[in-house]
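Values below: all heavy atoms of this structure, side chains included; hydrogens, waters and symmetry mates excluded.
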Amino acid sequence: MPTSPDLSPVPAPAAAPSAAASTSATSATSDIAEASAAARDAAGSEVVLPAAVLWDMDGTLINSEPYWMAAEGELTREHGVPWTHDDGLQLVGRALVDSAAIMQRAGVRLEVPEIIEYLISRVIAQVKIEVPWQDGAVETLASVRAAGIPCALVTMSYRSFADAFVAQAAEGTFDVIVTGDEVARGKPDPEAYLRAAQMLGVRIEDCVVVEDSPSGIASGLASGAPTVGIEVMVPVEPQPGLSRIRSLRSLTLETLGRLAAGEVIDEIGVPQTASRA
């Protein structure tokens with residue numbers, strides 16, 4: 001019987017943010033602050049809007065996890081490595097360097113950077129054919145942007161994939177992007193979210209983090225930001241301070257205001273009302 005893959009994390013190599021990203025973030029900070037203030041004025045004095053919304057990508061905004069899992073399955077088959085659906089679920093939300101190292105320890109005979117390149121190239125090819133938007137993602141992003149709330153994309157995917165995704169989103173959707181190859185410590189460490197808030201020029205405590213995976217949720221909570229989890233591929237277990245919603249369609253401006261004000265919302269823990277036959 002094959003043994004289960006070793007799922008322990010490995011240290012990620014340190015990497016500095018790209019010069020282009022830093023320059024862009026610096027020049028945009030004043031505009032972002034003005035837009036955030038305008039959004040508050042437009043919403044009225046009784047509504048507290050977040051200073052920014054920090055979005056995870058894979059699984060949260062786009063249903064790309066099946067693309068990743070298909071690529072993982074293809075690679076492990078090529079190398080004769082037993083790999084199950086549950087093995088793939090264990091990689092959801094992890095830093096790519098950790099996922100690649102796990103696959104290498106399972107028997108994939110490639111170096112970690114080669115595994116990462118293999119996976120990314122296949123997922124990018126699929127996303128270029130069709131972006132698998134999660135239900136309500138396009139509308140929710142448009143609503144948040146129309147309210148003038150700054151947005152950051154914070155993903156453990158690499159810059160090449162994030163850029164391919166952003167190129168197919170509405171222009172100006174994201175003010176800054178933080179990717180897995182631009183941080184020294186991937187999720188569940190809070191570094192990526194802390195960096196995004198810093199690049200936006202806002203306090204992390206005034207932001208809202210939107211996530212779907214256990215490691216991403218842990219990262220958001222550790223950053224100090226109000227964090228909301230959406231249950232997609234893996235269960236979102238209740239924990240102190242974590243809000244849980246069933247769909248991005250629940251993430252209205254009113255809901256974001258409640259989250260920014262410190263309220264914890266739990267739709268998953270509330271039984272759904274049965275409809276009459």
### Task
Report the distance from atom CD1 of Ile116 to atom CG of Leu110, rounding to the nearest 0.5 Å.
11.5 Å
#### Entry: Straight-line distance of Gln90 CD to Ser99 OG, nearest 0.5 Å
10.5 Å
### Message
Less than 4.5 Å apart, side chain to side chain, heavy atoms only: is that true for Val228 and Leu259?
### Response
yes
### Task
With sequence neighbours excluded, tell me which residues meet ring-ring contact (aromatic ring centres under 6.0 Å, His included) with Trp68.
Phe161
### Message
So Cys151 and Val144, do their side chains get closer than 4.5 Å, heavy atoms only?
### Response
yes
### Message
For a 4.5 angstrom cut-off between non-hydrogen side-chain atoms, does Asp212 reach Val236?
### Response
no
### Message
Is it the case that the side chain of Ser219 and the backbone of Asp189 share a donor-acceptor pair, with hydrogens and angles ignored and the cut-off at 3.5 Å?
### Response
yes
### Query
When clusters are formed by joining ILVMFWY residues with side-chain heavy atoms under 4.5 Å apart, either directly or through shared neighbours, do Leu141 and Val138 land in the same one?
yes
### Message
One thing to verify: whether Asp175 and Arg145 come together as a salt bridge, which I'm taking to mean a side-chain N less than 4.0 angstrom from a carboxylate O.
### Response
yes
### Under 3.5 Å side-chain donor-acceptor pair for Tyr193 and Glu211
yes
### Query
Is a side-chain N or O of Thr140 found less than 3.5 angstrom from the main chain of Gly136, in a donor-acceptor match?
yes
### Query
With a 4.5 Å limit on heavy-atom distance, are the side chains of Gln134 and Thr60 in contact?
no
### Message
With a 4.5 Å cut-off on side-chain heavy atoms, are Arg159 and Ile177 touching?
### Response
yes
### Message
Let me confirm one number: the OG1-CG distance from Thr227 to Leu221, rounded to the nearest 0.5 Å.
### Response
4.0 Å
Kindly list each side-chain donor-acceptor pair under 3.5 angstrom involving residues 122-133, sequence neighbours excluded, with atom names and distances?
unit_1: Arg122; atom_1: NE; unit_2: Glu74; atom_2: OE2; d: 3.4
unit_1: Arg122; atom_1: NE; unit_2: Tyr118; atom_2: OH; d: 3.4
unit_1: Arg122; atom_1: NH1; unit_2: Tyr118; atom_2: O; d: 3.3

### Query
Are Ile265 and Ile149 joined in one hydrophobic group, where the rule is that I, L, V, M, F, W and Y side chains link up if heavy atoms are under 4.5 Å apart?
yes
### Query
Are Asp266 and Arg244 close enough for a salt bridge, meaning some N to O gap below 4.0 Å?
yes
### Query
Which pair of heavy atoms, one from Val176 and one from Ala196, lies closest together, and at what distance?
CG2-O, 4.2 Å
#### Entry: Pro50 and Asp206, any side-chain heavy atoms less than 4.5 Å apart
no
### Any side-chain donor near an acceptor of the partner, Thr84 and Asp86, under 3.5 Å
no
#### Entry: Heavy-atom donor-acceptor pair, Lys187 side chain to Ile217 backbone, under 3.5 Å
no
### Task
Spell out, yes or no, whether Val264 and Leu251 are grouped together once hydrophobic residues are joined by side-chain heavy atoms under 4.5 Å, including indirect joins.
no
### Query
For the side chain of Glu114 and the backbone of Glu111, is there at least one donor-acceptor N/O pair under 3.5 Å apart?
yes
### Query
Less than 4.0 Å between a side-chain N and a carboxylate O, is that true for Arg185 and Glu191?
yes
### Task
Check whether any side-chain heavy atom of Leu119 lies under 4.5 Å from a side-chain heavy atom of Glu72, and answer yes or no.
yes
### 4.5 Å side-chain heavy-atom contact, Asp135 and Asn63
no
### Main-chain N/O of Ala169 paired to Thr173 side chain as donor or acceptor, under 3.5 Å
no
### Query
Does the side chain of Thr252 pick up a donor-acceptor pair with the side chain of Thr255 at under 3.5 Å?
yes
